[in-house]
2 protein chains.
Amino acid sequence: MTSTDRPVTARTTRQRRAVSAALVDITGFCSAQEIHGIVKGRGDAVGLSTVYRTLQAMADSDEVDVLRTDEGEALYRRCSSGHHHHLVCRDCGRTVEVEGPTVERWADRIAADHGFADVSHTLEIFGRCETCG
Amino acid sequence: MTSTDRPVTARTTRQRRAVSAALVDITGFCSAQEIHGIVKGRGDAVGLSTVYRTLQAMADSDEVDVLRTDEGEALYRRCSSGHHHHLVCRDCGRTVEVEGPTVERWADRIAADHGFADVSHTLEIFGRCETCG
DNA sequence: AACTTCATGGGAACGATTTTCATTCCCACA
DNA sequence: TGTGGGAATGAAAATCGTTCCCATGAAGTT
């Protein structure tokens, strides 16, 4: 009785390969539509719905990171596994993955102090990188 | 030559008062539509567009905090001024404003280490509060 | 090759938010 | 107290990212 019954087996299709390939060449975060554009620009024809589905699946299995624009748009980027945060350039989108035992501890502590359990958090840092200085 | 030319004078209207009043009674974060519902439920008729506009204006002048659902929906809540973050209960929406010199410094430092300037960040902590335990 | 199940894609559907624009309302000033 | 005009309102239409539907095509299995 799984909540969302996803397929038993995951298949390797041309479309999924195309999306993965596009993600490799991306340095910063991209929206689903941008990724769709990149894939299409390469001559690989992939439906927009498929791009969304694939990206979502990859997010579920932690193959990509997702973050949200101020306007609520979802941005994707392939990532290393494990818990980490991002330092994103406001101008060029360049992204650096950062880890922070300090913040993790801080967040957990604050939450505990207030009697909150089962804690998680979101944290993104924005700025302008050297190149865009 | 201001980028977005907003009105010279801000007027006090019945609608804005209604939205402000609704915000006072809210403990956690609410969506614009929920706030619209609350206002309407009280008998004050206010257009949805107006609620959106008012909330946005209040956000611009830091009278309310805005955060985004995982699904990208905007949630509003009145707040104290100054830079702070939130500890939000996943179940009941109860919110605690928290300050964290530690994180602020950490974020600035990380950014500086990577050559990023003009730094800002977003941080929200989620958990389950005692009452919902 | 036959078959079963999953995946695809194009367009319709959705839902939150924004815009449009004709109408109504504040409010500074006469 | 009256009034002019910019500001605010709201109903409906427009946006726009994202998801759903479902007939058709492809993967992997036997």
Side-chain angles (χ1 to χ4, degrees), chain A residues 2-22 29-61 63-77 93, chain B residues 2-23 29-61 63-77:
Chain A
T2 44
S3 49
T4 43
D5 48 314
R6 75 181 89 181
V8 181
T9 56
R11 292 179 181 173
T12 310
T13 65
R14 172 181 64 78
Q15 292 84 339
R16 292 182 187 181
R17 256 177 270 123
V19 171
S20 292
F29 278 90
C30 285
S31 70
Q33 318 233 16
E34 285 173 327
I35 292 171
H36 179 234
I38 293 172
V39 169
K40 199 157 56 179
R42 291 185 175 179
D44 294 321
V46 177
L48 182 55
S49 343
T50 301
V51 172
Y52 272 105
R53 264 188 308 244
T54 304
L55 249 16
Q56 211 163 250
M58 296 181 82
D60 286 345
S61 56
E63 292 173 69
V64 297
D65 282 327
V66 190
L67 63 79
R68 296 240 169 220
T69 290
D70 279 347
E71 294 84 46
E73 189 180 13
L75 301 182
Y76 304 85
R77 176 174 179 278
Chain B
T2 44
S3 49
T4 43
D5 47 314
R6 77 181 86 181
V8 181
T9 57
R11 292 180 180 172
T12 311
T13 65
R14 174 182 62 78
Q15 291 84 338
R16 291 182 185 178
R17 256 177 271 122
V19 171
S20 292
L23 284 167
F29 278 90
C30 285
S31 71
Q33 317 233 16
E34 285 173 326
I35 291 170
H36 179 235
I38 293 171
V39 169
K40 198 156 56 177
R42 290 185 177 180
D44 294 321
V46 176
L48 183 55
S49 344
T50 301
V51 173
Y52 272 104
R53 268 188 301 241
T54 303
L55 250 16
Q56 211 164 250
M58 296 181 81
D60 285 346
S61 56
E63 292 172 69
V64 296
D65 282 328
V66 190
L67 63 79
R68 296 243 168 216
T69 290
D70 279 346
E71 294 83 45
E73 190 180 9
L75 301 181
Y76 304 84
R77 177 172 179 280

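Lettering of chains follows the sequences in order, A, B, ..., and the numbering in each one begins at 1.
Contact annotation: side chain of A:Ser49 to base of C:dG10, donor-acceptor pair present below 3.5 Å. Not a single donor-acceptor pair, N or O on each side, falls under 3.5 Å between the base of D:dG17 and the side chain of A:Arg68.
Between B:Arg16 and D:dT9 there is a side-chain N or O to OP1 or OP2 distance below 4.0 Å. Within the 4.0 Å cut-off from OP1 or OP2 of C:dT24, not a single side-chain nitrogen or oxygen of B:Arg11 is found. A:Arg17 has no side-chain polar atom (N or O) that falls below the 4.0 Å cut-off from OP1 or OP2 of D:dA27. Not one side-chain nitrogen or oxygen of A:Gln33 sits closer than 4.0 Å to the OP1 or OP2 atom of D:dC16. OP1 or OP2 of D:dT9 lies within a sub-4.0 Å distance of a side-chain N or O belonging to B:Thr13. OP1 or OP2 of C:dG9 has at least one side-chain nitrogen or oxygen of A:Gln15 nearer than 4.0 Å. The side chain of B:Tyr52 places no N or O atom within less than 4.0 Å of a non-bridging phosphate oxygen (OP1 or OP2) of C:dT18.
To the nearest angstrom, C1' of D:dG17 lies 12 Å from CG of A:Leu75. Atom pair A:Glu71:CD and C:dT17:C1' shows a separation of 11 Å (rounding to whole Å applied). Nucleotide D:dT9 holds its P atom 12 Å from the CG atom of B:Leu55, rounded to whole Å. Rounded to whole angstrom, the span from the CD atom of B:Glu73 across to the P atom of C:dC14 amounts to 18 Å. Residue A:Arg14 contributes atom CZ, which lies 10 Å from atom C1' of D:dA26 at whole-angstrom precision. Rounded to whole angstrom, the span from the CG atom of B:Asp70 across to the P atom of D:dT19 amounts to 12 Å. Distance CD (B:Gln56) to C1' (D:dT9): 15 Å, rounded to an integer number of Å. Per the geometry, CG belonging to B:Leu48 stands 16 Å off C1' belonging to D:dA8, to the nearest Å.
In this structure, the nucleotide among C:dC27, D:dA11, C:dC6 sitting nearest to the side chain of A:Pro7 is C:dC6.
Checking side-chain atoms of B:His36 against main-chain N and O of B:Val46 turns up a donor-acceptor pair under 3.5 Å. Checked by atom type and distance alone, the side chain of A:Arg14 pairs as donor or acceptor with a backbone atom of A:Ala45 at under 3.5 Å. A donor-acceptor distance shorter than 3.5 angstrom exists from the side chain of A:Arg68 to the backbone of B:Asp70, with no hydrogens or angles considered.
Side-chain atoms of B:Ser61 and B:Glu63 form a donor-acceptor pair, as typed in the model, at a separation below 3.5 Å.
Residue whose closest nucleotide on DNA chain C sits further toward the 5' end, between A:Gly47 and B:Arg53: A:Gly47.
For the side-chain contact (heavy atoms from CB on, under 4.5 Å) criterion with B:Leu55, the lone passing option out of B:Thr50, B:Val66, B:Leu23 is B:Leu23.
Within 4.0 Å (heavy atoms only), B:Ser31 reaches no atom of the nucleic acid at all.
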